[in-house]
Amino acid sequence: MALFSSSTQEIPADARKVPAHIAIIMDGNGRWAKKRLMPRVYGHKKGVETLREVIRTCDELGVRFVTVFAFSSENWRRPPDEVTFLMGLFLQALQHEVGKMQRNNIRLKIIGNRTHFAPELVRLIEEAEVSTAGNTGLTLTVAADYGGRWDVLNAMQQLLASGDFDAESITEQDLAPHLAMAYAPEPDLFIRTGGEQRISNFLIWQLAYTELYFTDLAWPDFDRSALLDALDWYQGRERRFGRISEQLPPGQERSAD
Ligand code: IPE
Ligand code: IPE
Ligand code: MG
């Protein structure tokens with residue numbers, strides 16, 4: 001059985017509170033650096049600092065799950081030097097940050113296809129997940145070599161391998177436990193920095209009813225106050241999940257503007 005309810009099967013409660021789960025596309029690093037006449041990878045380095053600050057603030061506010069897109073299944077198409085740098089940065093972050101996560105009671109999860117990573121990176125990922133598995137605070141999920149289509153296909157393959165299925169009897173609830181983020185509720189709020197308004201193959205299944213927030217700020221400039229702006233915006237949304245305004249429980253309608 002799935003741990004969390006599905007927004008298409010049941011109406012989630014408390015849509016107006018602090019989001020339980022925020023999913024972020026950390027975009028705009030390269031352009032941010034270029035504007036400062038620096039190499040693109042300088043933007044990626046700065047981006048790690050931004051992430052640290054965002055997680056600290058989310059933790060403080062009571063957000064339970066933060067999921068960030070660090071490397072998409074299509075990012076392998078980038079120049080080899082940049083790919084190598086990003087892999088190195090990921091490795092370094094795992095080496096330096098896991099101890100701090102322990103102290104801050106943060107649980108780390110990595111989702112995506114690990115088969116193209118160097119063995120050393122895979123080992124660090126596994127160790128980091130095991131060592132933080134018992135932490136009860138915020139869950140940080142890093143999506144690396146992740147693609148929404150990969151996730152759905154992978155889940156479908158696992159489901160089909162798990163038993164004898166009559167195609168017509170397959171339900172959402174059969175598939176959901178095989179998705180990479182079965183341990184988390186669906187994101188309430190999606191944030192994309194960097195000015196683009198697209199999903200870029202991020203959590204295509206899980207974003208079905210997520211509120212989508214886009215900002216022109218580049219990820220390295222996405223500071224605490226920018227995050228608070230996004231949360232403010234979120235709290236002004238009316239999440240109807242298919243219903244009409246008049247059907248919402250008192251307090252969940254959007255105030256007349
Ligand atoms: C996002 O920033 C980080 C990764 C994709 C790894 P970009 O590197 O895409 O920065 P822009 O969009 O080119 O500015
Ligand atoms: C999405 O950003 C992936 C990550 C932030 C890791 P991209 O910069 O790769 O997305 P596109 O190519 O502009 O859609
Ligand atoms: Mg980009």
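Note that this is a predicted model, so its numbers are computed, not measured. Read the numbers this way: they start at 1 and go in the same order the structure lists the ligands and their atoms.
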So, 2.8 Å as the limit: is an N/O/S atom of Asp27 located closer than that to the Mg ion (ligand 3)?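 A backbone or side-chain N, O or S atom of Asp27 is under 2.8 Å from the Mg ion (ligand 3).
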Ion pair [X]/[Y], N-O distance below 4.0 Å:
X	Y	answer
Asp188	Lys17	no
Glu49	Arg52	no
Glu126	Arg123	no
Arg224	Glu60	yes
Glu238	Arg243	no

Evaluation steps, salt bridge (Lys or Arg N to Asp or Glu O under 4.0 Å), between Glu129 and Arg114: CA-CA 14 Å; Glu129 286 192 326; Arg114 293 179 194 180; 3.1 Å; yes
Looking at ligand 2, would Glu196 count as a contact under a 4.0 Å heavy-atom criterion?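 Heavy atoms of Glu196 never come under 4.0 Å of ligand 2.
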Arg192 to ligand 2, any heavy atom closer than 4.0 Å: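 Arg192: in contact with ligand 2 (<4.0 Å).
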Of all the atoms in ligand 1, which lie at a distance below 4.0 Å from a heavy atom belonging to [X]?
X	answer
Asp27	1 (C), 2 (O), 7 (P), 9 (O), 10 (O), 11 (P), 12 (O)
Asn75	5 (C)
Arg31	11 (P), 12 (O), 14 (O)

Could you walk me through whether Thr8 and Glu172 pass side-chain hydrogen bond (donor to acceptor under 3.5 Å, both in side chains), step by step? CA-CA 9 Å; Thr8 49; Glu172 236 194 63; 2.4 Å; yes
Are any of the N/O atoms in [X] less than 3.5 Å from those in ligand 1?
X	result
Leu86	no
Trp32	no
Arg40	yes

Can you say whether the rings of [X] and [Y] are parallel (under 30°), tilted (30 to 60°) or perpendicular (over 60°)?
X	Y	value
Trp76	Phe117	tilted
Phe65	His21	tilted
Phe69	Phe202	parallel

For ligand 1, is any non-hydrogen atom under 4.0 Å from Met26's backbone (N, CA, C, O), its side chain (CB onward), both, or neither?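 Just the backbone.
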Side chain, backbone, both or neither: Lys34 near ligand 1, heavy atoms under 4.0 Å: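 Near ligand 1, Lys34 shows nothing, with every heavy atom at 4.0 Å or more.
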Please report the C-alpha distance between Glu53 and Arg56 in whole Å, then the side-chain angles of each, then the deciding distance to 0.1 Å, and finally whether the salt bridge (Lys or Arg N to Asp or Glu O under 4.0 Å) criterion is met. CA-CA 5 Å; Glu53 179 70 13; Arg56 194 178 311 126; 2.6 Å; yes
Could you identify the single nearest non-hydrogen protein atom to atom 10 (O) of ligand 1 and state the distance to 0.1 Å?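 For atom 10 (O) of ligand 1, the nearest protein heavy atom comes out as Gly30 N, 2.9 Å.
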Distance to 0.1 Å, residue and atom name: give those for the protein heavy atom nearest to atom 6 (C) of ligand 1.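 For atom 6 (C) of ligand 1, the nearest protein heavy atom comes out as Ala70 O, 3.2 Å.
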Does the side-chain contact (heavy atoms from CB on, under 4.5 Å) test come out yes or no for Arg64 and Thr139, once each step is laid out? CA-CA 6 Å; Arg64 302 292 301 155; Thr139 297; over 6 Å; no
Which atoms from ligand 2 have a heavy atom of [X] less than 4.0 Å away?
X	result
Ile25	1 (C), 5 (C)
Arg78	7 (P), 8 (O), 9 (O)
Phe71	6 (C)
Arg198	11 (P), 13 (O), 14 (O)

Proximity flag Gly28 to ligand 1, non-hydrogen atoms under 4.0 Å: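 It does; at least one heavy atom falls under 4.0 Å.
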Check each heavy atom of Phe202 against ligand 2 and say whether those closer than 4.0 Å belong to the side chain, the backbone, both or neither.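 Phe202 to ligand 2: no contact under 4.0 Å from either part.
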Atom 12 (O) of ligand 2 protein-contacted, heavy-atom criterion under 4.0 angstrom: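 Within 4.0 Å: no protein heavy atom nearby.
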